[in-house]
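First up is the structure itself, then whatever we jot down about it.
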Amino acid sequence: MASLFVICGEKVEYYPLGERTTVVGRDEAVPIQVLDRRASRKHLQVRYDKQRKSFIALDMRSRNGTFINGQRIQDETILSDGDQIQVGDTMILFTVKDFPKRENAMNHFKQAGQRRFTTHVDPPL
């Protein structure tokens, strides 16, 4: 389906998206938690719209706003491959690509011109 790469400082995390709604924020109960003082507890919602066959981003009335490619969003915004989403000081890269394994995703991230970041890959179980 699609994926998010959350870039927090030097650390990169990979999150595959399905058709479920995903919330990003500082709260420990949200599916994607970012440890960022400028992020709201529930900052951003990303959901799949079956009718439009697109992923939609929605700011959840955050204090500091959500920015896509440098522009503050006010309403639902359709995401495109390669969009950069800013939540506080955290950057999130959206891609429509789906990866069979986490390692493939991290290799793709490195190839996408992001070589300056170190990636955190959990060892296999």
Side-chain angles (χ1 to χ4, degrees):
M1 292 240 39
S3 307
L4 295 177
F5 292 96
V6 179
I7 308 158
C8 206
E10 290 290 313
K11 188 176 179 183
V12 177
E13 291 291 335
Y14 160 70
Y15 296 93
L17 298 172
E19 292 188 6
R20 69 191 178 283
T21 298
T22 301
V23 176
V24 178
R26 203 177 70 239
D27 194 294
E28 63 186 37
V30 300
I32 301 178
Q33 182 187 29
V34 293
L35 302 176
D36 184 327
R37 289 180 169 191
R38 295 191 64 232
S40 295
R41 292 182 190 279
K42 292 181 181 174
H43 196 107
L44 167 71
Q45 180 186 95
V46 177
R47 67 176 175 80
Y48 183 72
D49 186 315
K50 289 181 184 179
Q51 290 180 329
R52 295 188 230 179
K53 296 182 180 178
S54 299
F55 282 87
I56 310 293
L58 176 67
D59 181 78
M60 297 180 74
R61 298 183 183 167
S62 66
R63 170 176 267 179
N64 294 308
T66 299
F67 296 80
I68 297 179
N69 301 324
Q71 299 292 318
R72 187 173 186 152
I73 62 171
Q74 302 296 329
D75 298 311
E76 290 187 340
T77 302
I78 295 175
L79 292 169
S80 298
D81 190 41
D83 277 348
Q84 294 181 11
I85 307 164
Q86 186 174 347
V87 170
D89 292 323
T90 300
M91 190 61 68
I92 301 169
L93 178 66
F94 172 81
T95 181
V96 295
K97 293 180 176 49
D98 195 14
F99 303 96
K101 294 196 263 181
R102 183 178 184 174
E103 190 173 320
N104 297 84
M106 291 306 203
N107 287 334
H108 170 77
F109 181 79
K110 288 277 192 179
Q111 293 170 1
Q114 301 295 329
R115 298 186 190 282
R116 70 182 179 94
F117 296 104
T118 57
T119 54
H120 172 77
V121 178
D122 293 329
L125 298 174

- Could you give me the CA-CA distance, side-chain angles and deciding distance for Thr21 and Gln45, then say whether side-chain contact (heavy atoms from CB on, under 4.5 Å) is met? CA-CA 7 Å; Thr21 298; Gln45 180 186 95; 3.3 Å; yes
- Please test Leu79 against Ile85 for side-chain contact (heavy atoms from CB on, under 4.5 Å), starting from the C-alpha separation and ending with a verdict. CA-CA 9 Å; Leu79 292 169; Ile85 307 164; 3.9 Å; yes
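Taking each heavy atom of Ser80 and Phe94 in turn, the nearest pair found is O-CD2, 3.3 Å. Among all heavy-atom pairs drawn from Asp59 and Gly65, the shortest one is OD1-C, 3.6 Å. In terms of heavy atoms, Glu76 sits closest to Arg52 at OE1-NH2, 3.4 Å.
No donor-acceptor pair under 3.5 Å is formed between the side chain of Ser3 and the backbone N or O of Thr95. For the pair His43 (side chain) and Arg61 (backbone), a donor-acceptor distance under 3.5 Å is absent. Remark: the backbone N or O of Asp89 is paired with a side-chain donor or acceptor of Asp36 at under 3.5 angstrom. Side-chain N or O atoms of Ser40 include none that pairs as donor or acceptor with a backbone N or O of Arg38 at under 3.5 Å.
Note that CD1 of Ile7 is 9.5 Å distant from OG1 of Thr90, once rounded to the nearest 0.5 Å. Taking CD of Glu13 as the reference point, atom CD1 of Ile92 lies at 12.0 Å (rounded to 0.5 Å). Phe55 contributes atom CZ, which lies 10.5 Å from atom CG of Asp49 (distance to the nearest 0.5 angstrom).
Members clustered with Val30: Val23, Met60, by chain and number, using a 4.5 Å side-chain heavy-atom cutoff among hydrophobic residues.
For CZ of Arg41, the number of neighbouring non-hydrogen atoms (other residues, nucleotides, ligands) closer than 6.0 Å is 12 at most.
One hydrophobic cluster, built from ILVMFWY side chains closer than 4.5 Å, cannot hold both Leu44 and Leu58; they sit in different ones. Side-chain heavy atoms closer than 4.5 Å link hydrophobic residues (I, L, V, M, F, W, Y) into clusters, and following such links, possibly through other members, connects Val6 to Val96. Under a hydrophobic clustering in which Ile, Leu, Val, Met, Phe, Trp and Tyr are joined whenever their side-chain heavy atoms come within less than 4.5 Å, directly or via other members, Ile56 and Leu4 fall into different clusters.
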For residues 67-74, dump all side-chain donor-acceptor pairs below 3.5 Å to protein atoms at least two apart in sequence or in another chain.
{"residue": "Asn69", "atom": "OD1", "partner": "Gln84", "partner atom": "N", "Å": "2.9"}
{"residue": "Asn69", "atom": "ND2", "partner": "Asp83", "partner atom": "OD1", "Å": "2.8"}

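Qualifying side chain to side chain contact (heavy atoms under 4.5 Å, CB included) partners for Thr22, counting only residues two or more places apart in sequence or in other chains: Leu17, Arg20, Pro31, Ile32.
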